[in-house]
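For reference, the structure is listed below as structure tokens.
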Amino acid sequence: MLNRHPLIKGALVLTFANVITRATGFLYRIFLSNLIGAEGMGLFQLIFPVIGFCTALSCGGIQIAVSRFVAETKSKSRQYAILISSLLMSLVLSLGTTLFVFHFSKEISIHLIQNEQCTRLLQYAIITIPMVAVHSCICGFYLGRKKAAVPAWSMLVEQLVKIIAVYLLGIIWIHQQIPITPMLAVYSTIISELGGMIFCVIALSFEKSYPLNPTQLIHSMKDLFSVSYILTLNRILLTFLQCLEAIFLPLTLEKSGLSTAQSLALYGILTGMALPVVTFPSAINNSISTMLLPSVAESNSNGNIESVKKTTEKSIGFSTVTGIFGIGLFLYFGDFIGTNVFGHSQAGTYIQVLSWLCPFLYLSVSFGSVLHGLGKTTAAFIHNVIGIIIRLVSIWWWVPRYGINAYLIGLLLSNVVTTLLHGFYLRHYIHYDFSPMKNIIKPIIQTFIGLTIGFFIHYIFQFSSYSGKIFDYCTTGIQFILVCSVFAFFLSQDFRHPDP
């Protein structure tokens with residue numbers, strides 16, 4: 001059955017890899033936050049917008065273009081030519097970007113990031129860009145062929161290497177009495193990216209190669225450039241705006257009355273602890289969305305709009321169900337996760353507040369993939385820019401006056417607006433159906449039932465004579481498993497007996 005539906009098969013493979021990767025990444029962040037502290041996490045997070053910008057410049061648009069063109073062509077030699085062309089293009093861009101940032105890392109840290117402590121972190125972290133470029137192009141090639149195994153395994157290998165690296169480096173640094181700094185996280189990131197790239201190159205070496213001539217490569221590069229330059233420009237501008245968001249937030253938090261150390265710690269708790277927790281369930285949605293792009297591109301190239309419509313409706317249903325469940329899950333368990341897992345009660349508060357993002361966050365990812373698959377990249381770009389501008393306005397004007405809560409409200413508002421813009425645009429283009437009963441009311445009832453069972457179990461355990469942290473962990477774990485089991489049961493029933 002799965003072999004007849006490569007979209008479902010690929011999504012399941014990627015979902016498994018995503019869930020394992022995010023679960024282990026969750027443990028990685030807990031271990032890392034305990035090693036370098038909230039302020040160290042904040043400092044480490046500050047370099048990511050710059051790294052993200054360089055990644056967007058080097059391979060952001062190229063990877064999507066590779067996936068799309070490979071999906072649209074059946075010729076294996078043509079697919080191979082697209083891959084080689086993408087590798088050449090992205091390597092040239094990534095090496096040039098790496099050299100530039102490495103040379104001007106101090107100026108970027110002082111004038112852009114506004115924190116000179118990031119200079120050394122940036123010099124080392126930028127080394128990962130060529131590795132990410134190679135990794136991304138190869139993964140885009142396999143996703144375009146609807147073979148999700150290599151991208152899935154590369155994620156698992158990369159995450160496993162990262163965990164082993166940070167653990168061993170932590171032990172060595174403690175044993176050698178070397179001060180624990182965010183450089184520990186940077187080193188583990190370099191090692192993990194190298195591991196992921198090596199795995200992808202080894203996997204590609206087993207594929208059949210085809211003789212290529214310069215004319216074929218130039219033709220493939222032209223095709224890739226015709227699509228990727230728009231995607232790259234869009235991604236660069238989006239990433240640039242996200243850089244401004246990441247840079248301005250700690251600065252405006254200082255204007256609200258916090259010290260530099262307090263603002264960095266708050267930024268680290270929000271972006272390094274709370275947000276990764278809230279986005280954890282999106283592993284499934286991201287997997288589906290990753291496979292949506294080549295599937296929608298193939299259907300669209302064949303003129304099969306009805307298939308695109310049905311695929312969109314299924315992705316909407318799944319995103320809203322998991323999003324509504326995410327709200328209930330994090331409202332119920334958020335305080336426990338923040339206080340007991342991360343050791344920061346503030347993280348628990350942010351998790352509960354950010355839980356309301358879930359439906360809109362998951363839906364916008366699915367909508368975005370459909371838009372890119374249909375070639376509507378400009379529309380997706382405009383919608384995303386509007387969302388980021390809303391966040392920047394909240395940071396620049398509201399945060400100095402009202403503090404971090406103003407940013408959280410801006411974050412929610414921007415995701416709501418972006419999702420609605422995506423949804424209305426697609427509704428006008430492909431006329432998909434949306435059922436409030438199936439996609440909103442039914443998931444709310446199912447989530448309420450699951451959480452009621454969890455609360456009932458918690459009430460029973462209150463009468464136990466046992467106490468202590470281990471007992472709390474066990475009882476909370478039982479509640480969590482039961483709540484997730486109820487959700488999985490209802491979800492399986494919906495798929496087994498879909499509404500007419």
For the side chain of [X] and the backbone of [Y], is there at least one donor-acceptor N/O pair under 3.5 Å apart?
X: Thr418; Y: Asn415; answer: no
X: Gln352; Y: Leu331; answer: yes
X: Ser188; Y: Val166; answer: no
X: Thr320; Y: Gly317; answer: yes
X: Thr322; Y: Ser319; answer: yes
X: Arg427; Y: Tyr432; answer: yes
X: Ser192; Y: Lys162; answer: no

So, taking the atom named [atom1] in [X] and the one named [atom2] in [Y], what distance separates them when rounded to the nearest 0.5 Å?
X: Thr189; Y: Glu158; atom1: OG1; atom2: CD; answer: 9.0 Å
X: Asn115; Y: Leu122; atom1: CG; atom2: CG; answer: 11.5 Å
X: Leu354; Y: Leu275; atom1: CG; atom2: CG; answer: 5.0 Å
X: Ile47; Y: Arg120; atom1: CD1; atom2: CZ; answer: 12.0 Å
X: Glu193; Y: Ile51; atom1: CD; atom2: CD1; answer: 10.0 Å
X: Ile129; Y: Phe53; atom1: CD1; atom2: CZ; answer: 11.0 Å

Shortest non-hydrogen contact between Ser109 and Cys118, atoms and distance: OG-C, 3.4 Å
Is the shortest heavy-atom distance from the side chain of [X] to the side chain of [Y] under 4.5 Å?
X: Cys54; Y: Val101; value: yes
X: Leu46; Y: Leu43; value: yes
X: Thr349; Y: Asp335; value: no
X: Leu408; Y: Leu412; value: no
X: Ile198; Y: Leu194; value: yes
X: Leu249; Y: Leu270; value: yes

So, using side chain to side chain contact (heavy atoms under 4.5 Å, CB included) as the criterion, who are the partners of [X] when residues are at least two apart?
X: Leu420; answer: Val416, Phe424
X: Ile191; answer: Val161, Ala165, Leu169
X: Ile190; answer: Tyr124, Thr128, Met131, Val186
X: Ser136; answer: Cys59, Gln63, Val132

Listed partners of Gln159 passing side chain to side chain donor-acceptor pair (under 3.5 Å), at least two apart: none
Counterpart residues, side chain to side chain donor-acceptor pair (under 3.5 Å), relative to Gln346 (two or more places apart): Tyr350
Geometric class of the Tyr187/Trp173 ring pair [parallel <30°, tilted 30-60°, perpendicular >60°]: perpendicular
Plane angle bin for His422 and Phe367 - parallel if under 30°, tilted between 30 and 60°, otherwise perpendicular: perpendicular
Crowding at CH2, Trp153 (>12 non-hydrogen neighbours, <6.0 Å): no
Mind checking what makes ring-ring contact (aromatic ring centres under 6.0 Å, His included) contact with [X], not counting sequence neighbours?
X: Phe381; value: none
X: Phe104; value: Phe100
X: Trp398; value: none
X: Phe199; value: none

Passing option when Ser414 is tested against Ile386, Ile390, Leu392 for side chain to side chain contact (heavy atoms under 4.5 Å, CB included): Ile390
Pairs touching residues 91-104 that satisfy salt bridge (charged side-chain N to carboxylate O under 4.0 Å, His left out), sequence neighbours left out: none
Residue pairs, two or more places apart or on separate chains, that pass side-chain hydrogen bond (donor to acceptor under 3.5 Å, both in side chains) and touch residues 176-185: none
Polar side chain donor-acceptor pair, Tyr407 to Thr252, under 3.5 angstrom: no
